[in-house]
Amino acid sequence: MSAAELDRAVDLLVRQVAHWQQPRWAAIAGGGNVSRADLVHKLVQEVADLAADAEGGPRRDVPRLAHPMALPDQLRVVAADLVTAGPPQAVLAGAAATVTATRSAL
């Protein structure tokens with residue numbers, strides 16, 4: 001169930017932001033002092049780190065691409081990597097909760 005929850009949370013976030021242009025990405029995220037792009041990139045990095053941990057591999061920095069419009073695709077990729085790595089259900093549930101919290105902050 002947690003893999004489905006993560007997929008659903010990622011899908012909802014992607015649908016919310018996939019059409020955004022540069023000005024919306026540059027706006028400050030709710031309740032914080034970082035841009036929406038920075039917040040989503042932080043989320044992508046967190047999910048990538050969880051996937052690396054689940055695979056037993058080293059953590060690597062997720063590249064910051066020139067256009068924030070690539071962030072939804074990056075999130076989809078790292079979330080799929082996490083599910084494929086087969087971590088415990090609690091890890092998947094935690095990742096889903098983090099995606100949902102980020103979505104709320106946007």
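All values reported here derive from a predicted model rather than from experimental measurement. Position 1 is the first residue of the sequence; numbering continues from there.
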Query raised in the report: Are Val77 and Val91 in one and the same hydrophobic cluster, where Ile, Leu, Val, Met, Phe, Trp and Tyr link if side-chain heavy atoms are under 4.5 Å apart?
Result: no
Query raised in the report: Shortest non-hydrogen contact from Leu92 to Ser2?
Result: CB-CB, 3.5 Å
**Report entry** Gln74 (side chain) donor-acceptor with Pro63 (main chain) under 3.5 angstrom
**Finding:** yes
Query raised in the report: Looking at Leu82 and Ala54, what are the two nearest heavy atoms and their distance?
Result: CD1-CB, 4.5 Å
Query - Straight-line distance of Gln16 CD to Thr102 OG1, nearest 0.5 Å - result: 10.5 Å
Query - Any Val40 side-chain heavy atom under 4.5 Å of Trp20 side chain - result: no
Query raised in the report: Which atom names give the shortest non-hydrogen contact between Pro72 and Val17, and what distance separates them?
Result: CG-CG2, 3.8 Å
Report task. Measure the OG1-CG distance between Thr98 and Leu13 for me, rounded to the nearest 0.5 Å. Result -> 11.5 Å
**Report entry** Smallest separation among heavy atoms of Met69 and Gln22, with atom names
**Finding:** SD-N, 4.2 Å
Query raised in the report: Counting only N and O atoms by type, is there a donor-acceptor contact under 3.5 Å from the side chain of Glu5 to the main-chain atoms of Ala93?
Result: no
Report summary line: The salt bridge (Lys or Arg N to Asp or Glu O under 4.0 Å) partners of Arg59 (sequence neighbours excluded) come to Asp49, Asp53
Query raised in the report: Do Leu12 and Leu6 share a hydrophobic cluster, counting only Ile, Leu, Val, Met, Phe, Trp and Tyr and linking them when any side-chain heavy atoms are less than 4.5 Å apart?
Result: no
Query raised in the report: Which heavy atom in Asp11 sits nearest to a heavy atom in Arg76, and how many Å separate them?
Result: OD1-NH2, 4.4 Å
Report task. Please answer whether the main-chain N or O of Ala85 pairs with a side-chain N or O of Glu55 as donor and acceptor at a distance below 3.5 Å. Result -> no
Report task. Would you indicate whether His19, at its atom NE2, is surrounded by more than 12 heavy atoms from other residues, nucleotides or ligands within a distance under 6.0 Å? Result -> yes
Query raised in the report: Are the side chains of Leu43 and Val47 in touch, meaning some heavy atoms are under 4.5 Å apart?
Result: yes
Query raised in the report: Can any side-chain N or O of Arg64 pair as donor or acceptor with the backbone N or O of His41 at less than 3.5 Å?
Result: no
Query raised in the report: Residues in salt bridge (Lys or Arg N to Asp or Glu O under 4.0 Å) with Asp7, at least two apart?
Result: none
Report task. For Glu46, check salt bridge (Lys or Arg N to Asp or Glu O under 4.0 Å) against everything at least two apart and list the hits. Result -> Lys42
Query raised in the report: Can you tell me how far CH2 of Trp25 sits from CG of Leu39, rounded to the nearest 0.5 angstrom?
Result: 9.5 Å
